Undergrad: 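This is the structure, below, for whatever I ask next.
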Amino acid sequence: MTGLNPRQLEAVHYTAGPLLVLAGAGSGKTRVITRKIAHLIDQGGISPRHICALTFTNKAAREMRERVGSRIKGAETRGLTISTFHTLGLDMLRRHPERAGLRPRFSLLDAQDAEALIKEHLRHTKGGDAFSPAAIQHRISRWKNDLVDPAQAESLAEDDFEARLAGFYADYERSLRAYNAVDFDDLILGPARMLAEHPELRETWQGRIRYLLVDEYQDTNGAQYDLVRRLVGPRAAFTVVGDDDQSIYAWRGARPENLARLQTDYPHLKVIMLEQNYRSSATILGLANTLIANNPHVFEKRLWSEHGPGEPPRVLHCKDEGHEAEQVVSEILHLKFAEGADFGDIAILYRGNHQARPFEKALREHNVPYVLSGGTSFFARAEVKDLMAYLRLIANPQDDAAFLRIVNTPRREIGPTTLEKLANYAREREIHLLDACGEIGLGEHLSERQRERLHAFTALVSEHARRGETDPVGTMRALVETIDYAAWLRENASSQAVADRRYANITDLLDWLGALKKGELQEKTLAEMATLLTLMDVMERQDEDEGGDRVSLMTLHAAKGLEFPHVFLVGMEEELLPHRTSIEEETIEEERRLAYVGITRAQRTLTFTLTRRRKRYGEWVTSEPSRFLAELPKDQLRWDNARDETPENRKARGLSHLHALKGMLDVD
DNA sequence: ATCACGAGGATTTTT
DNA sequence: TCCTCGTGAT
């Protein structure tokens, strides 16, 4: 156990009972988790099959797997579970679907699908258009995260509005059950309930998971807390690692108080604090500490560093957002050409995605390569969702939501009128849409022509379902050909280039399915593929492929867990950071944590920027400096615009033009 | 069915 | 201001 400090070592070695590791930013928490897994296997005498480590993102799980893999020989990690909460939940549901009121081959709906379902329901409800589908979905999600079922939601409702929402929740749940489908929240809630209600399942899972580790524990919600509690059982052999100061997902249902709650639920809980920071200069760390001291704390911790003071953090007060972007790019060019930094060492962090625009423009103008993270994810694209819907319907004929999405995609001349009649018929008979298409009784409501069209569609689905049993990926490829999806994309795209790009997404997805099939996750059925794919994001992989020496642009949320030698924290203004709605809703503390996360991303240099005025929704608004700037120690900050018109800057600009020229030559 | 226009909304978004 | 979604006219 080399290369660990005493606190880290203690955290790795302590296996006598429940353990909470409060790991400050940059204190080496992932290192502790991976080392601990190795320790449990090597010295703890626990078989890898009985160890489970949970993360929130696929990326974190993948990285952890890699790091454990490089510590221990492959054979010795066999059976080790390192997965996201949701993947574990999916696995549990798949093993005992009937215990969660599901049949095998259930569908998994993502947030978009769920919203579409609610929208559809609202359309058929009197006065439904007064409600926002997104708001309803959010409310339902919150209920589920708090382990509240529709009946409880109804009885807890304090006013008509809430009661109405609870009603939608009940309808929504009924639809999901009818479709043999679950949403993301059910992947946690379902298993938690399952364990609560079935002692023998509890025994099975507690026997299987003898040691549980959880990363980013501050981000767990109520349902996740419950699931963890039931998984570890009375033996409580677990290590959770988290940092209350980096809790930035409360708005999404995360409950940072779960950290403190552990102390009440497990009186013997051991708490270890990791306070040595290996990332930032002492000055940067000092700023972070001072800022976060303004938040109330259950656990007092103070990060320290062996690093020297380093460069003083700076504040650039700019005229407007255009000027702000210019200044930052000018600084970046200075870092690159005068200080020898790589573009890849630099990040621009902001509160909201819309802030990226002026920076993109300025970076492009100066020919600085950049990566923008965020935007529409791979699985949110219409063409991918279409193919996923085919996959879902083929696997689970009861998935009416999938049916509705693709029954007329590509065009089969099955219009809204036909579907309306079909839906009415299906509802009366209490059968699913796909089954209804083949019924003789439909003849009374629909013309021969329409029935033929519907029938052709069911034939297509059942034919592929049959072939899908033996060759899932080949079947999906064949399907794309049969329906001539490429042609449909061409018809609907504004240009050939767009159509090509969309089709490329389809081939990517198919290739990915093929790789999945061959790899470790082999022998997947169509149903398993569909659910698993919904939990993954292929885009992650593409990001890695492109790599390269580029400046990173991302939101503060997206930056959590990352570090950069040079960080620009832009838009340090009231109503931006802290965000306006957070001021109104008085959730300033989370905004402060957001600023804290931003500051602690920086290793060597940190530059804040703010503007005097900013265009908001088309109007110029004067901006006020963020209260967080005022909370920082004045003597540790350098307020200046010095670089603006110095000879240095002119030199950097000159170099940027040279760079631009060189870039053009390289392209040709 | 397809386009064009207008209203409304415009944080963050691990799964 | 600008983008997205839904509607209404062709």
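Order of the sequence lines sets the chain letters (A, B, ...), proteins ahead of strands, with each chain counted from 1. Note that this is a predicted model, so its numbers are computed, not measured.
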Undergrad: Taking the side chain of A:Phe56 as heavy atoms from C-beta outward, which of B:dT2, B:dT15, B:dT14 is closest to it?
TA: B:dT14
Undergrad: Check whether the side chains of A:Gln218 and A:Glu216 place a donor and an acceptor atom closer than 3.5 Å, and report yes or no.
TA: yes
Undergrad: Donor-acceptor pair, distance only, cut-off 3.5 Å: does the side chain of A:Arg614 make one with the backbone of A:Glu321?
TA: no
Undergrad: Using a heavy-atom cut-off of 4.0 Å across all strands, would you classify A:Glu591 as base, sugar-phosphate, or nothing?
TA: base
Undergrad: Please name the residue in the list A:Asp149, A:Asp186, A:Asp185, A:Asn221 that meets the side-chain hydrogen bond (donor to acceptor under 3.5 Å, both in side chains) test with A:Lys144.
TA: A:Asp186
Undergrad: Hey, does the side chain of A:Asp110 reach the backbone of A:Asp113 with a donor-acceptor pair shorter than 3.5 angstrom?
TA: yes
Undergrad: When you compare C:dT4 with B:dT11, how far apart are their P atoms, in angstrom units rounded to a whole number?
TA: 14 Å
Undergrad: Where do N or O atoms of nucleotides 1-10 of chain C meet protein N or O atoms at under 3.5 Å, pair by pair?
TA:
{"from": "C:dT1", "atom 1": "O4'", "to": "A:Gly618", "atom 2": "N", "distance (Å)": "3.3"}

Undergrad: Nearest-Å distance, CZ (A:Arg62) to C1' (B:dT15)?
TA: 14 Å
Undergrad: Going by side-chain contact (heavy atoms from CB on, under 4.5 Å), name the residues that satisfy it together with A:Arg405, two or more places apart in sequence or in a different chain.
TA: A:Ala382, A:Lys385, A:Asp386, A:Ala389
Undergrad: Calculate the interatomic distance between A:Asn221 atom CG and B:dT13 atom P; express it in whole Å.
TA: 18 Å
Undergrad: Ignoring hydrogens and geometry beyond distance, is a side-chain donor-acceptor pair present between A:Ser582 and A:Glu590 at under 3.5 Å?
TA: no
Undergrad: Is there a donor in the side chain of A:Thr611 and an acceptor in the side chain of A:Glu324, or the other way round, less than 3.5 Å apart?
TA: no
Undergrad: Base, sugar-phosphate, or nothing: which does A:Tyr249 touch, judged by heavy atoms less than 4.0 Å apart?
TA: base
Undergrad: When you check the side-chain N and O atoms of A:Arg392 and A:Thr534, is any donor under 3.5 Å from an acceptor?
TA: no
Undergrad: Planes under 30° and centres closer than 5.5 Å, is that true for A:Trp251 with the base of B:dT12?
TA: yes
Undergrad: Contact class for A:Ser582 (heavy atom, under 4.0 Å): base, sugar-phosphate, or nothing?
TA: base
Undergrad: Given atom CD of A:Glu585 and atom C1' of B:dT11, what is their separation to the nearest angstrom?
TA: 10 Å
Undergrad: Rounding to a whole Å, what distance do you find between A:Arg614:CZ and B:dA10:P?
TA: 19 Å
Undergrad: When you compare the side chains of A:Thr555 and A:His557, does any donor N or O come within less than 3.5 Å of an acceptor on the partner?
TA: no
Undergrad: Tell me which residues in residues 139-149 of chain A put a heavy atom below 4.0 Å from DNA chain B, sorted by number, or none.
TA: none
Undergrad: Using whole Å, report how far CG of A:Leu90 lies from P of B:dT14.
TA: 19 Å
Undergrad: Keeping A:Asp215 on the side-chain end and A:Thr55 on the backbone end, is there a donor-acceptor pair under 3.5 Å?
TA: no
Undergrad: Keeping the roles fixed (side chain from A:Arg65, backbone from A:Ile82), state whether a donor-acceptor pair exists under 3.5 Å.
TA: yes
Undergrad: Nearest heavy atom decides the nucleotide; on that basis, is A:Thr534 or A:Ile248 closer to the 5' end of DNA chain B?
TA: A:Ile248
Undergrad: Among residues 554-564 of chain A, which residues get a heavy atom nearer than 4.0 Å to DNA chain B?
TA: A:Thr555, A:His557
Undergrad: Could you tell me how far apart A:Glu584 (CD) and B:dA10 (C1') are, to the nearest whole angstrom?
TA: 14 Å
Undergrad: Starting at the 5' end of DNA chain B, which residue's closest nucleotide do you reach first, A:Glu413 or A:His579?
TA: A:Glu413
Undergrad: Any donor-acceptor pair under 3.5 Å joining the side chain of A:Thr581 to the base of B:dT11?
TA: yes
Undergrad: At under 4.0 Å, does any side-chain N or O of A:Asn353 touch on OP1 or OP2 of B:dT11?
TA: no
Undergrad: Applying ring pair (Phe, Tyr, Trp, His ring centres under 6.0 Å), name anything that partners A:Tyr172, two or more places apart in sequence or on another chain.
TA: none
Undergrad: May I have the distance from A:Asp219 (atom CG) to B:dT14 (atom P), rounded to whole angstrom?
TA: 12 Å
Undergrad: Over how many whole Å does the gap from A:Lys59 atom NZ to B:dT14 atom P extend?
TA: 11 Å
Undergrad: Please list, chain by chain and in numerical order, all residues satisfying side chain to side chain donor-acceptor pair (under 3.5 Å) with A:Glu589, sequence neighbours excluded.
TA: none
